[in-house]
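Basis for what follows: all heavy atoms, side chains included, without hydrogens, waters or symmetry-related copies. Proteins get letters first, then strands, A, B, ... in listed order; numbering begins at 1 in each.
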Amino acid sequence: MTVVTRFAPSPSGHLHVGGARTALYCWAYARGRDGRFVLRIEDTDRKRSSDAASLGFMRDLAWLGIDWNEGPTIPELPDCGGGDHGPYFQSERLQIYQEHLDRLLASGRAYHAFDTPEELDAGRRAAREAKVAYRYDRAALKLSEEEVAAKLAAGEPAVIRFRTPDEPITIVDEVLGEATLPAGEIDDFVIRKADGYPTYHFAVVVDDALMKVSHVLRAQEHFNNTARHMVLQDALGFERPTYGHLSLIMNPDGSKMSKRDKDKALRAAVREREIEACPLDDTGEPMVDGDTWDRWRGDKTVQLDLDRLEAIADALDVALPEINVSDFRRSGYLPEVLCNFLSLNGWSAGDDLEKFDNAFLAERFDLDRVQKAPAKFDRDKLLAFNLDAIQAMTPEEFASRARAHAEAFHPEFLDRLDGDQFAMLCEASRERSKTLDEPFRTNRFLVDADEAIAWPVTKPVRKAMFKGEPAGLEMLGRVRPVLNEIEEFESSALESAITAFAEAEAEGNLGRIAQPLRIAVSGGPVSPPIFDTLAILGRESVLARIDRCLEVLAAEMPSS
RNA sequence: GGCCCCAUCGUCUAGUCAGGUCCAGGACACCAGGUUUUCAUCCUGGGAACAGGGGUUCGAAUCCCCUUGGGGUCACCA
């Protein structure tokens with residue numbers, strides 16, 4: 001039997017790390033067994049689904065190196081998708097669902113129900129107060145055939161519910177083992193909504209059967225749903241796939257990793273800094289209207305639109321936690337490292353093996369080594385893995401990947417630096433970069449205008465510039481002519497000239513020259529190696545910055 | 001709250017299914033030294049766990065029970 005797995009995202013929002021791990025496991029399981037991996041878009045919620053989100057999911061998967069044998073096709077990914085079991089958007093399969101629905105209706109295994117949302121809510125509230133689990137009361141079953149026909153004819157809104165057999169259901173799961181749900185635990189759930197779309201439960205069962213899915217690997221939140229899917233499979237005469245439920249990925253504090261964490265982080269920062277008003281955008285308008293802002297600030301269940309949220313965080317210089325695959329990409333993580341690390345959250349290869357690629361994962365992945373307990377996502381370890389991968393790169397590979405990253409996220413570096421300068425930056429940054437983003441994020445001074453550099457007098461600046469005999473600022477003035485007169489303004493020439501200067505003027509203590517220079521050209525005490533930094537900047541900028549620095553800091557210099 | 005599931009260092013985990021080779025191994029983090037023009041690396045060393053309580057057994061991290069703790073679920077969302 002051919003192994004067929006599928007990843008079936010709902011196209012709302014973005015692919016997050018939990019979903020990415022599920023997709024990766026599904027992909028690996030099929031790949032390692034010469035099977036097929038299917039991508040199916042579950043867009044039966046018309047309000048929440050969007051084409052943009054579907055596209056985003058596909059791009060994120062492709063970026064991770066997860067390709068699908070069957071599923072939607074987009075021009076930019078000609079090697080993914082296609083297949084004989086389409087369409088792969090559920091919204092295009094309505095006719096198929098209806099046929100199977102009719103079978104259930106005809107056999108009496110499903111029935112129309114006309115309960116209003118208000119009535120159902122009242123029932124749920126009552127159950128909550130009575131501290132029991134809510135179960136649908138089958139009110140609609142009391143209606144006679146004529147009454148049902150009349151209501152339907154009158155166009156009353158109706159859902160279709162599945163008549164769940166009143167008996168215990170045993171779920172067989174390759175990860176968690178067997179579990180039996182007592183009779184009555186699963187109620188008569190809705191299988192077609194009033195808008196005519198199938199619910200998740202119905203569509204997933206029909207599609208998995210028709211697409212010949214043999215193994216369903218999905219998040220543990222679906223565990224109880226499996227019982228629903230099993231009774232549906234029985235009623236429809238479908239074979240059951242093998243199930244495996246994956247534990248969730250949690251935050252370090254044990255809370256569930258969620259998009260809301262971004263709102264949470266920003267809200268916390270806003271509170272801590274006692275920011276009252278919403279920041280303004282370029283046009284001087286608040287980034288969100290005052291009403292929304294106030295509601296968001298006061299109510300932790302309110303979420304801001306992601307684009308706005310990120311714009312505000314950017315304006316306030318608040319780092320938002322990475323949740324989605326695209327967040328990790330923007331932060332400069334390598335896709336192969338993300339996959340590697342993600343696969344380690346919930347699975348292990350054994351033999352103390354933890355650095356491997358997707359091909360190895362496909363070869364070795366199996367359900368018997370999948371962890372049952374939830375894992376907390378440790379960004380520190382991910383970062384360490386990313387560092388290791390970057391350190392293992394050739395300079396050429398790093399440069400080309402850094403360039404691609406800059407094209408996507410820091411185009412100003414490509415505008416301001418020529419090819420040689422950019423190459424120098426990469427070379428100077430590689431061994432101190434943990435991410436592809438670091439060369440740019442930490443070196444903005446390279447692309448700032450000379451006049452834009454400022455020198456806040458922090459402790460390290462005070463130490464390097466004002467302390468010592470002679471003070472760093474004086475050293476800076478003395479080394480300036482060396483830079484002005486040097487013939488070739490490039491790294492090795494600068495190194496010999498400045499080292500010689502240090503020998504002559506600072507007892508060979510290079511730091512006493514390098515730090516003042518670093519501060520003068522960058523505005524702070526941190527930069528790539530000083531000779532590279534100077535070379536990238538070029539003589540003109542370096543001298544201009546030194547001159548302004550001498551002027552500005554001389555005014556701040558303590559008199560004694 | 002009902003139902004279901006789970007439980008090894010701070011974190012991810014190896015070892016659990018076939019009880020002894022485990023006074024529990026690796027990685028990240030942490031701590032202490034060292035290298036270094038800043039930062040980041042890098043090197044050396046160190047501390048750190050079988051949730052608790054009962055069984056079964058010659059012997060239990062491994063099997064059973066209880067307690068505690070954690071997770072999932074209880075939608076016309078998926």
key: Which nucleotide in B:U73, B:C77, B:G1 has an atom nearest any side-chain atom of A:Glu221   = B:U73

query = If we take the C1' atom in both B:G25 and B:C9, what is their distance in whole Å?
reply = 11 Å

ask   = Of the nucleotides B:C77, B:C74, B:A78, which one has an atom closest to the side chain of A:Arg48?
value = B:C77

note = Side-chain atoms of A:His201 come closest, of B:C76, B:C3, B:A78, to B:A78

ask   = Once you round to the nearest 0.5 Å, how far does CD1 of A:Ile160 lie from CG of A:Leu104?
value = 9.0 Å

message = When you measure from the side-chain N and O atoms of A:Lys434 to the phosphate of B:U41, is any distance below 4.0 Å, counting only OP1 and OP2?
response = yes

task = Could you tell me whether A:Trp347 and A:Phe365 have their ring centroids closer than 6.0 angstrom?
result = yes

request  = Considering just the side-chain nitrogens and oxygens of A:Lys372, establish if one lies under 4.0 Å of OP1 or OP2 belonging to B:C4.
outcome  = no

query = With no angle test and no hydrogens, is the base of B:U37 tied to the side chain of A:Arg518 by a donor-acceptor pair under 3.5 Å?
reply = yes

message = Over all strands shown, is A:Gly346 touching base, sugar-phosphate only, or nothing at heavy-atom distances under 4.0 angstrom?
response = sugar-phosphate

message = Does a side-chain N or O of A:Gln371 approach OP1 or OP2 of B:C6 to a distance below 4.0 Å, or not?
response = no

inquiry  = Under 4.0 Å between a side-chain nitrogen and a carboxylate oxygen: does that hold for A:Glu438 and A:Lys434?
reply    = no

task = Check the distance between B:G26's P and A:Asp351's CG and give it to me in whole angstrom.
result = 14 Å

note = If pairing means Watson-Crick or G-U wobble with both distances under 3.5 Å, then the partner of B:G1 is B:C74

message = Taking 4.0 Å as the cut-off, does a side-chain nitrogen or oxygen of A:Arg124 come that near to OP1 or OP2 on B:C76?
response = yes

key: Heavy-atom donor-acceptor pair, A:Lys381 side-chain to B:A27 base, under 3.5 Å   = yes

query = Any side-chain N or O of A:Ser348 under 4.0 Å from OP1/OP2 of B:A14?
reply = yes

inquiry  = Under 4.0 Å from OP1 or OP2 of B:C76: is there any side-chain N or O of A:Arg161 that close?
reply    = yes

note = Among B:G72, B:C77, B:C28, the one nearest any side-chain atom of A:Ala384 is B:C28

request  = Check if the side chain of A:Arg432 and the base of B:U36 share a donor-acceptor pair of N or O atoms closer than 3.5 Å.
outcome  = no

remark   = Out of B:G26, B:C77, B:C3, minimum distance to the side chain of A:Lys193 belongs to B:C77

query = Do the ring planes of A:Phe413 and A:His410 sit parallel (below 30°), tilted (30 to 60°) or perpendicular (above 60°)?
reply = perpendicular

query = With the threshold set at 4.0 Å, does a side-chain nitrogen-carboxylate oxygen contact exist between A:Glu42 and A:Arg218?
reply = no

query = Counting just side-chain N and O atoms, does A:Ser12 come under 4.0 Å of either OP1 or OP2 of B:A78?
reply = no

inquiry  = Using the side-chain heavy atoms of A:Leu387, tell me which of these nucleotides is nearest: B:C42, B:A27, B:U38.
reply    = B:C42

